[in-house]
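Written below as structure tokens is the structure these notes are about.
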There are 2 protein chains.
Amino acid sequence: MSHSVQNNEERLDLIFQALANRTRRALLARLKRGPAMVTELAKPFGMSLNAVSKHLNVLERASLINRSIEGRVHTCTLIPATITTAEKWLGANRPARPNEVNALQKDLESVSED
Amino acid sequence: MSHSVQNNEERLDLIFQALANRTRRALLARLKRGPAMVTELAKPFGMSLNAVSKHLNVLERASLINRSIEGRVHTCTLIPATITTAEKWLGANRPARPNEVNALQKDLESVSED
DNA sequence: GTAATGCTCAACCGTTTGGTTGACAATGGA
DNA sequence: TCCATTGTCAACCAAACGGTTGAGCATTAC
């Protein structure tokens with residue numbers, strides 16, 4: 001494919017961009033309940049199958065889902081590890097919460113000990 | 001402003017879209033270390049101040065940052081709660097991990113108890 | 001064999017994005 | 001007062017987004 005040559009920033013770009021659309025988030029929410037075929041995924045949305053197919057492409061390029069083809073049925077599966085990648089970035093870039101700050105301050109106090 | 005009329009999906013759209021750009025993620029990473037003025041934020045990036053100002057607008061509309069004006073200096077501050085909003089969505093839409101599944105299965109077994 | 005199903009690809013189209021430049025308003029320092 | 005600093009706004013531009021329609025290719029059912 002030669003598409004998979006991505007550094008971490010590129011991966012995060014693709015992941016967050018894929019998440020930045022409510023249809024795609026709804027697709028992921030559905031897939032959390034288990035794998036599903038494309039027409040099944042498309043059913044709840046008031047848009048063409050083609051549009052949903054495009055959204056699935058975006059999710060696939062972001063490695064948020066996998067597709068396995070069996071006959072004419074394409075089954076989509078969530079890739080939880082990619083969601084974890086996004087969670088990790090957020091966790092690393094959210095400042096410590098008050099109680100965490102308190103804990104950190106206690107640590108600092110116990111070190112300086114003046 | 002009349003801009004702040006947003007339901008949850010709109011808010012998530014704005015948040016994830018704001019996160020879907022490496023310059024903006026770098027800005028947030030910088031702001032995690034504390035508030036900063038606009039020129040200071042712009043310094044590390046090879047682009048015009050105007051471009052950075054636009055990025056800050058995107059972050060502000062997503063409620064990821066705040067701006068306080070004092071004289072001619074606009075100071076930007078991170079809003080951690082909004083990052084938490086994104087984290088919550090991800091946490092709710094990542095399937096349970098194996099150990100969590102085990103815990104859940106144990107719960108179920110202890111209930112049905114046949 | 002024919003028809004329906006499942007899905008993708010390609011082309012198109014209006015809107016948004018991410019950058020630029022130029023002008024300008026307001027503040028602060030000389 | 002004059003000038004540098006700080007930052008925004010507006011207009012412009014190419015590229016990407018998010019949808020559409022139409023065509024077409026496998027696969028399965030009849």
Side-chain angles (χ1 to χ4, degrees), chain A residues 1-3 6 9-31 34-62 64-77, chain B residues 1-3 6 9-31 35-77:
Chain A
M1 274 285 176
S2 93
H3 257 315
Q6 305 166 343
E9 287 301 310
E10 290 176 58
R11 282 177 55 228
L12 288 169
D13 281 353
L14 291 175
I15 294 170
F16 283 123
Q17 195 164 26
L19 293 170
N21 175 282
R22 64 193 77 181
T23 300
R24 288 193 292 264
R25 286 197 305 275
L27 287 168
L28 292 177
R30 163 63 190 83
L31 288 175
M37 60 186 295
V38 177
T39 37
E40 188 186 331
L41 287 170
K43 218 168 289 176
F45 301 101
M47 66 180 76
S48 68
L49 183 65
N50 294 21
V52 173
S53 180
K54 276 193 181 184
H55 281 305
L56 293 172
N57 274 333
V58 174
L59 292 171
E60 194 175 28
R61 294 208 324 133
L64 281 162
I65 68 168
N66 248 336
R67 282 194 233 208
S68 69
I69 305 175
E70 194 148 0
R72 53 183 174 181
V73 175
H74 297 212
T75 300
C76 298
T77 313
Chain B
M1 272 290 178
S2 95
H3 257 314
Q6 307 166 343
E9 286 301 310
E10 291 177 59
R11 282 178 55 226
L12 288 169
D13 281 353
L14 290 175
I15 294 170
F16 283 123
Q17 194 166 26
L19 293 170
N21 175 283
R22 64 192 77 180
T23 299
R24 287 193 292 265
R25 286 197 305 275
L27 287 169
L28 292 176
R30 162 62 190 83
L31 288 175
M37 59 187 293
V38 176
T39 38
E40 188 186 331
L41 287 170
K43 220 169 286 177
F45 302 101
M47 67 180 74
S48 69
L49 184 64
N50 292 21
V52 173
S53 180
K54 275 193 181 183
H55 281 306
L56 292 173
N57 273 332
V58 174
L59 292 172
E60 194 175 26
R61 293 208 324 133
S63 296
L64 280 162
I65 68 168
N66 249 336
R67 281 161 144 154
S68 69
I69 303 176
E70 193 149 0
R72 51 183 175 181
V73 175
H74 298 213
T75 299
C76 299
T77 313

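Letters A, B, ... are given to chains in the order of the sequence lines, protein chains preceding strands, and every chain is numbered from 1.
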task: For B/R67, report the nucleic acid contact type (base, sugar-phosphate, nothing); a contact means any heavy atom under 4.0 Å.
output: sugar-phosphate
task: Give a yes or no answer on whether the side chain of B/R24 reaches the backbone of B/A18 with a donor-acceptor pair at less than 3.5 Å.
output: yes
- request: Verify, without hydrogens or angle tests, whether A/R25 (side chain) and B/E9 (backbone) share a donor-acceptor contact under 3.5 angstrom.
  value: yes
statement: Its contact letters, B for base, S for sugar-phosphate only and - for none at protein heavy atoms under 4.0 Å, make nucleotides 10-20 of chain C read BB-----SSBB
Mind checking whether [X] and [Y] have side chains closer than 4.5 Å, heavy atoms only?
X: A/R67; Y: A/N57; answer: yes
X: A/D13; Y: B/R22; answer: yes
X: A/L14; Y: A/L64; answer: no
X: B/R30; Y: B/L41; answer: yes

message: Can you measure A/M37 atom CE to C/dT5 atom P for me and round it to whole angstrom units?
response: 12 Å
field: Atom pair distance, as rounded to whole Å: CG in A/L41 and P in C/dG6
entry: 13 Å
How far apart are the closest heavy atoms of [X] and [Y], and which atoms are they?
X: A/F45; Y: A/L27; value: CE1-CD2, 3.6 Å
X: A/E40; Y: A/P44; value: O-CD, 3.7 Å
X: B/V38; Y: B/C76; value: CG2-SG, 4.4 Å
X: A/I15; Y: A/A62; value: CG1-O, 3.7 Å

List, with names and distances, any nitrogen or oxygen atoms from the protein found under 3.5 Å away from nitrogen or oxygen atoms belonging to nucleotides 28-30 of chain C.
from, atom 1, to, atom 2, distance (Å)
C/dG28, O4', B/R72, NH2, 3.1

query: Going 5' to 3' on DNA chain D, which nucleotide is the first and which the last to come under 4.0 Å of a heavy atom in chain A?
result: D/dC17 to D/dT28
